[in-house]
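A quick write-up on the structure given underneath.
Excluded from the calculations below are hydrogen atoms, water molecules and symmetry mates; all remaining heavy atoms, backbone and side chain alike, are included.
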Amino acid sequence: MNKHSNIIIAGAGGIAEAAGLLLMEWSAVPPTIFIGNRTLSKAQKVARWIEEGTSKPCSVTAFHLPEEGLTEEMKEILGQGNVLLDCLPGRLAPKIARLAKDFHMHYVNLTEYVAETTEIMELAKDATTGFVLQTGLAPGYINILANHLFQKFCSDFEVDNVDKLEFKVGALTDHAVSPHYYGFTWSPVGVATEYLKDTLVLRDFKKTRLPALSERASIIIDGITYEEDLTSGGAADLPDALAGKVSSLDYKTLRYPGHYVWVEEQLAGLRNTSEAIAALQQKMEALIPHNEDDRIILYAAVEGKDTDGTMHRREISKRILPQTIGRHKLRAIQITTAVCLLQSAQLLVESHCSGVVLQSQIDPKSFLNGNFIVPAFGKV
């Protein structure tokens with residue numbers, strides 16, 4: 001942050017702790033931080049972890065954030081806040097967004113959940129503060145990168161539309177073993193959800209809905225072969241923003257070869273059950289370990305013809321590894337998710353936005369070269 005702000009972080013998981021530490025280490029003017037969680041001891045643990053990990057003097061206040069109701073302590077803290085960073089599970093996003101609106105704070109969240117995002121958009125349409133939604137890694141950074149590629153392609157070649165806009169992200173472990181060829185680096189429920197809910201794409205310039213895991217293919221990125229397939233949530237609002245301008249647009253998740261075949265085996269008989277997401281999550285957690293050694297692979301490409309009819313393709317790929325911040329080592333998924341959250345929060349504080357701000361409405365060049373983004377992703 002370039003000026004002092006009171007930042008409230010809802011949640012006490014890995015992204016919350018990374019956001020707090022990065023705020024202290026990478027802000028020009030360190031903020032005052034409050035950490036709220038339904039389990040107070042977890043919030044206190046994260047507050048201590050941030051204080052012990054930063055190289056700068058700081059004080060982080062932990063408080064109880066119950067699932068229902070408002071305590072007097074909450075009212076006092078929320079009343080001081082400038083920005084509320086929502087690091088809680090996506091199902092709780094509308095409730096936390098309501099708190100931000102009621103207490104006149106800017107709001108930023110991470111969730112890829114489509115229904116909850118739609119609910120918040122309705123809630124925040126008349127808000128006096130800004131609401132940046134779906135601003136993690138995917139959705140989030142990858143959408144802004146893809147939009148940047150699209151805009152630059154159209155500008156350079158003096159065209160209004162393109163044939164393809166592809167963007168893909170994989171949160172992967174350094175190694176993967178059979179039969180699942182995977183390790184959890186983030187929320188198991190998030191993985192299960194994206195594998196089962198439909199995804200929004202553009203086909204023939206029109207927005208349409210396709211089943212997750214319905215268009216598998218192989219791709220070579222920096223000489224390494226991965227598998228890609230459609231998953232839900234990652235396209236954010238680009239199908240709406242670029243309809244009529246892009247013939248084929250989609251978001252896909254990258255995995256090591258063999259993983260999606262294994263997932264299909266686990267999904268047998270689950271798709272028509274009402275508890276399919278919970279059932280898949282249970283199956284996956286029983287067999288797939290959590291792994292701290294991770295890497296983020298991301299790729300975006302635009303393809304189309306210039307005014308002479310010559311086909312061109314432009315691509316960007318990045319590999320993000322864990323990094324030591326202050327006195328702690330953060331996983332790649334923590335860094336890449338948290339910095340997008342923080343860059344969005346800074347955008348709100350400095351631009352005084354109001355109402356909903358979606359990925360397609362963020363200036364790509366400014367965001368992608370922001371002071372939180374560049375140390376994690378490099379310049380574009």
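Hydrophobic clustering of Ile, Leu, Val, Met, Phe, Trp and Tyr side chains at less than 4.5 Å, counting indirect connections, keeps L341 apart from L133.
In summary, E194 and R255 engage in a salt bridge, as defined by a charged side-chain N under 4.0 Å from a carboxylate O. Ionic pairing of R313 and E166 is present here: one or more N-O contacts between side-chain nitrogen and carboxylate oxygen are shorter than 4.0 angstrom. Contact check on K75 versus E72 returns a salt bridge, with a Lys/Arg side-chain nitrogen under 4.0 Å from an Asp/Glu carboxylate oxygen. In this structure, E292 pairs ionically with R331, as a charged nitrogen and a carboxylate oxygen lie closer than 4.0 Å.
Contact of the N37 side chain with the L65 side chain is not registered, since no non-hydrogen atoms from C-beta on lie closer than 4.5 Å. Between K305 and V159 there is no side-chain heavy-atom pair separated by less than 4.5 Å. Side-chain contact between K101 and Y107 is absent, with no heavy atoms from C-beta onward closer than 4.5 Å. The shortest distance between side-chain heavy atoms of D163 and M311 falls below 4.5 Å. When side chains are defined from C-beta on, P188 counts as touching H290, because their heavy atoms get closer than 4.5 Å. With contacts defined as side-chain heavy-atom distances shorter than 4.5 Å, the pair F372/C340 does not qualify. Residues L348 and T129 have side chains not in contact (no heavy-atom distance under 4.5 Å, counting atoms from C-beta outward). W186 is not listed as a side-chain neighbour of T337, based on a closest heavy-atom distance of 4.5 Å or more.
Between the OH atom of Y299 and the CG atom of D222 there is a distance of 10.0 Å, given to the nearest 0.5 Å. With rounding to the nearest 0.5 Å, the separation of CG in L137 from CD1 in I142 is 7.0 Å. Taken to the nearest 0.5 Å, the OH atom of Y195 stands 5.0 Å off from the OH atom of Y260. With rounding to the nearest 0.5 angstrom, the CD1 atom of I144 is 6.0 Å from the OG atom of S344. Atom CE of M105 and atom CD1 of I8 lie 4.5 Å apart (nearest 0.5 Å). Atoms CD1 and CD, from I288 and Q266 in turn, are 8.0 Å apart once rounded to the nearest 0.5 Å.
Distance alone, capped at 3.5 Å, is enough to place a donor-acceptor pair between the S214 side chain and the P211 backbone. Put simply, the side chain of T310 never gets that close to the backbone of D306: no donor and acceptor are under 3.5 Å apart. Remark: side-chain polar atoms of H259 are paired, donor with acceptor, to backbone N or O of H180 under 3.5 angstrom. In this structure, the side chain of N82 engages the main chain of N6 through a donor-acceptor pair within 3.5 Å. Within the 3.5 Å criterion, the main-chain N or O of V380 finds no donor-acceptor partner in the side chain of H148. K318 places a side-chain N or O within donor-acceptor distance of the main-chain N or O of F377, the cut-off being under 3.5 Å.
For the pair L84 and A10, the tightest heavy-atom approach, listed with the atom from each and the gap, is CD2-CB, 4.1 Å. Contact between P30 and K56 at its shortest, heavy atoms only, is CG-CD, 4.2 Å. Closest heavy-atom contact between L78 and L70: CD1-CD2, 4.1 Å. Heavy-atom minimum distance, P94 versus L123: O-CD2, 4.1 Å. Looking at every heavy atom in both residues, G20 comes nearest to I50 through CA-CD1, 3.6 Å. Of all the heavy atoms in H106 and C353, the pair that sits closest is CE1-O, 3.5 Å.
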Query raised in the report: Do M284 and W262 pass the side chain to side chain contact (heavy atoms under 4.5 Å, CB included) test, and can you show the C-alpha distance, the side-chain angles, and the key distance before you say yes or no?
Result: CA-CA 10 Å; M284 295 177 77; W262 181 84; 4.1 Å; yes

Query - Test side-chain hydrogen bond (donor to acceptor under 3.5 Å, both in side chains) applied to T54 and R327, step by step - result: CA-CA 6 Å; T54 184; R327 301 185 185 94; over 6 Å; no

Query - Trace of the side chain to side chain contact (heavy atoms under 4.5 Å, CB included) decision for I373 with K379 - result: CA-CA 8 Å; I373 295 292; K379 288 188 176 181; over 6 Å; no

Requested in this report: Start with the C-alpha distance between N143 and Q134, add both sets of side-chain angles, then the distance that settles side-chain hydrogen bond (donor to acceptor under 3.5 Å, both in side chains), and finish with yes or no.
Outcome: CA-CA 10 Å; N143 310 95; Q134 299 187 313; over 6 Å; no

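At a cut-off of 3.5 Å, with distance as the only test, no side-chain donor of N109 or E116 sits close to an acceptor on the other residue.
Residue R38 places its CZ atom among 12 or fewer non-hydrogen atoms of other residues, nucleotides or ligands, all under 6.0 Å distant.
Test T173, D174, T185 against D293 for side-chain contact (heavy atoms from CB on, under 4.5 Å) and you get one pass: D174. Looking at K252, R216, K168 one by one, the single match for salt bridge (charged side-chain N to carboxylate O under 4.0 Å, His left out) with D229 turns out to be R216.
F153 and F157 have tilted rings, their planes meeting at an angle from 30° to 60° on a 0 to 90° scale.
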